[in-house]
Amino acid sequence: MRRLYSTLILLALVLSCGTLAAQNNNITPVPVRFLGGTCSDSGCMPAMPFDFSQLTSLYIKGAKGADRERLVASVEAAGLDLKLIKRPKTVACLNIWINPESMPFDEGYAVVTSEHNVDITARSAAGAFYALQTVRQMVESGEWLTGAIADYPRFEYRGVLIDISRHFRTLDFLKRQIDMMARLKLNRLHLHLTDAAGWRLQIDSYPRLTSYAAWRTPHDWKSWWQGGRKHVEEGSEGASGGYLTKDEARELVAYAADRYITIIPEIEMPGHSDEVLAAYPELKCTNNPEHQGDLCIGKEATFEMMQAILDEVIEIFPSEYIHIGGDEAGKNNWELCEDCQRRMREEGLASVDELQSYMIHRIERYLNARGRQIIGWDEILQGGLAPNATVMSWRGEEGGILAAEAGHKVVMSPHGYCYIDAPQDAPYSQPESIGGYLPLCKVYSYDPAPATMPESVARYILGVQANLWAEFIVEDDHYEHMLWPRAIAIAEIGWSQPEAKSYDEFRERAIRIVDSMIAEGYTPFDLKNEIGNRPESLTDVEHLALGKPVTYLHPSRYYAPQYEAAGDATLTDGKRGTWTYADKRWQGFLGRGGVDVIVDLEQLTTIRSITADFMQICGPGVFMPCLVEIAVSTDGENYTKIADIEHEVVLDELPSFKAFGWQGEVEARYIRYKAHRSKHSGFLFVDEIIVR
Ligand code: ACM
Ligand code: ZN
């Protein structure tokens with residue numbers, strides 16, 4: 001038969017430097033290349049509308065068994081009702097050719113829409129599956145043109161973490177997210193199965209993990225966390241929670257595999273293990289019978305348990321990677337526990353960091369011997385990284401870079417870009433959440449391996465992952481609201497080449513995807529109604545105190561080092577804060593004295609207004625002042641108070657912003673602005689003292 005595009009032409013297409021034609025720009029993640037028009041032995045024709053309804057048959061070469069069934073199912077899911085035939089056709093047929101020689105990229109593919117046919121070429125069944133996701137988007141776009149797409153992923157790891165510990169979610173819910181992930185060519189689902197709030201996987205050798213540690217009252221995490229953090233017996237009155245049985249977990253693994261998604265189970269150790277110790281208190285450190293979150297590394301029983309659990313985990317999850325957590329261990333009990341101390345002496349460990357590292361090394365050896373690799377949060381670097389470990393860098397990128405420099409593989413998931421439990425729009429318009437403002441554009445701006453990264457580091461960056469922790473996310477619809485569309489941005493970061501990316505175009509495509517998700521019953525954040533960043537932050541503000549010196553009155557009541565913003569210049573630098581106090585524009589005060597500063601206008605000035613904004617976000621302990629005093633002086637010695645503004649600090653779930661100021665007319669050179677902290681300890685954040 002005469003193929004309109006030979007493998008060689010496709011290869012040339014993949015490697016050539018054509019760009020995506022504007023007409024066919026509605027594929028997400030944006031593909032590497034698109035060439036409009038069709039070419040055959042008799043010459044080339046310009047692009048013209050392509051009609052998918054003319055297709056009647058499907059031919060697949062090179063895929064057998066489950067792969068073949070998956071491709072047939074994907075064709076159906078793309079909305080094409082085609083008859084499977086035994087020989088390829090050049091008219092009205094979707095031909096899929098899987099050939100390991102066809103292109104240099106494992107998950108790569110090419111899709112050619114010629115006048116009467118569609119030809120897919122891929123190196124693997126996964127590549128053909130991705131080609132069909134592209135075809136599905138072509139069909140859904142309703143206005144495809146003839147041409148050729150050549151495409152392959154930038155990163156091999158394109159992941160999302162779903163937290164089912166803080167609030168358990170059903171198999172159906174997880175499958176719905178897997179469906180959407182697959183459509184966007186995401187290929188790793190990191191399941192956060194264990195944490196203080198609940199153990200979520202059947203383990204036969206330690207049954208209390210699910211008969212006790214998987215259940216609690218009350219249902220919502222926040223009340224549980226604030227109310228004593230106790231677990232209850234399964235079936236007891238009001239018990240809320242749940243877990244995946246082994247059969248369910250296997251069903252989920254198979255469901256994901258049918259969509260070329262690997263599920264990576266996370267079994268937290270040694271920290272974040274409060275629920276394990278609640279169920280098996282004999283594994284607590286000996287010094288402290290009270291509530292504990294870190295496993296005792298001194299006791300052999302801890303290793304017996306973790307290894308038995310991992311035996312069962314690897315029997316369910318075929319993933320090469322097993323995530324062993326490793327983050328945020330408190331480590332303080334280890335200093336006092338006689339078992340931990342004995343272990344440290346016997347093993348010659350100089351610090352509790354090395355004690356943690358001892359455990360991670362040992363678990364790595366155990367899993368390596370069973371053909372698996374460990375991946376852990378970047379704290380596994382502390383005390384020495386296990387030799388084959390892969391690092392998931394969350395506290396920033398530094399851990400990931402350090403690990404890569406030492407030749408370890410890395411998945412980037414820095415919280416400033418990838419922690420999608422933070423609000424994605426004006427915080428007052430969003431449900432209660434953790435962290436600062438993380439809009440879609442900021443997620444999208446992330447590059448796990450920018451051009452400035454040395455190649456010696458970049459080559460170890462496996463990819464990128466969004467993490468959606470669920471402390472404040474009780475309901476499924478809320479979870480979807482947080483996940484989508486930001487996970488779409490992660491999909492494009494993970495798949496598309498940086499030069500093909502454009503936020504404005506992406507946003508248009510994301511709006512279309514969100515609209516179609518809503519039509520299908522998903523509950524994503526409705527991007528087209530986005531409010532956007534705090535208007536005050538968009539332009540610098542001009543005022544009489546701009547650039548004037550500010551004196552902080554009490555050194556011990558100074559701004560906190562982690563929230564110093566632009567240091568002493570912050571309050572008069574003309575830069576207003578965004579929706580987040582972590583933007584280096586808001587200055588944070590933790591001292592008991594609150595804010596107490598003098599602004600020197602450097603000359604006698606007629607002042608008609610003095611004002612400063614504060615924010616309140618109760619979750620992380622950011623509160624409004626309870627009293628603001630403003631005084632002025634002509635000589636810097638004698639001050640006259642002009643305002644005493646009292647404010648009742650009311651604890652509210654939604655963040656708020658409020659100006660505290662004075663208006664009138666006064667002649668002065670110096671302004672003393674003093675904001676008192678309320679009875680709620682925590683931060684005061686202020687961005688600018690505006691004088692007019
Ligand atoms: C983490 O957020 N503690 C990994
Ligand atoms: Zn101990």
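Indexing begins at 1, ligand by ligand and atom by atom, following the structure's order.
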Quiz item: How wide is the angle at the Zn ion (ligand 2) between SG of C285 and SG of C340, to the nearest 10°?
Solution: 100°

Quiz item: Pick from R250, R370, K246: which one makes a salt bridge (charged side-chain N to carboxylate O under 4.0 Å, His left out) with E312?
Solution: K246

Quiz prompt | Within-cut-off N or O pair, W394 and ligand 1, under 3.5 Å | solution = no

Quiz item: Below 3.5 angstrom, do we get any N/O pair linking D327 and ligand 1?
Solution: yes

Exercise. Report, in ascending order of atom number, the atoms of ligand 1 lying under 4.0 Å from any heavy atom of Y419.
Key: 1 (C), 2 (O), 4 (C)

Quiz item: Below 4.0 angstrom, N of the basic side chain to O of the carboxylate: do E251 and K175 qualify?
Solution: yes

Exercise. Inspect the contact between E492 and R158 and indicate whether a charged nitrogen and a carboxylate oxygen are less than 4.0 angstrom apart.
Key: no

Quiz prompt | Closest non-hydrogen atom pair between V464 and G494, with its separation | solution = CG1-CA, 3.8 Å

Quiz item: How many angstroms lie between atom CD1 of I363 and atom CD1 of I309, to the nearest 0.5 angstrom?
Solution: 9.5 Å

Practice problem: Please could you name the atoms of ligand 1 that W469 approaches to less than 4.0 Å, counting only its heavy atoms? | Solution: 1 (C), 2 (O), 4 (C)

